[in-house]
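Everything below concerns the one structure shown next.
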Amino acid sequence: DQRFNIKYTVDKPLTNSWNGFVGYVTKEMIQKVFPSPSNDILMTFCGNKAMRKLVFDLFEDIGYNPKLTGRF
């Protein structure tokens, strides 16, 4: 479905062929792959509690509507 864009970030890739993101999610990483903030975009993410807080705060800092950001 073209409405969805999924990106993965891992601490440590299991293989040398991993082509996704590695390490902590950053503001620059989010801005590189996601559309600009808008009220018709739902941002969702999952991870441990510390990672969810970091990403939620980054989304807010960038300007995404916190009511349209889901943490799982």
When every non-hydrogen atom of S17 is compared with those of T15, the smallest separation belongs to OG-OG1, 2.9 Å
In this structure, NZ of K53 is separated from CG of L58 (nearest 0.5 Å) by 10.0 Å
Exercise for the section: Anything under 30° is parallel, anything over 60° is perpendicular, the rest tilted; go ahead and classify F45 against F56. Expected result: tilted
Tracing side-chain contacts under 4.5 Å among Ile, Leu, Val, Met, Phe, Trp and Tyr outward from V22 reaches I6, Y8, V10, W18
Is there a side-chain contact between N65 and P37, using heavy atoms and a 4.5 Å cut-off? no
Taken to the nearest 0.5 Å, the spacing of F21 CZ from D11 CG works out to 15.0 Å
Sorted by chain and residue number, the side chain to side chain contact (heavy atoms under 4.5 Å, CB included) partners of N48 (sequence neighbours excluded) come out as A50, M51
For residues 19-37, the side chain to side chain donor-acceptor pair (under 3.5 Å) pairs (sequence neighbours left out) are K27-D61
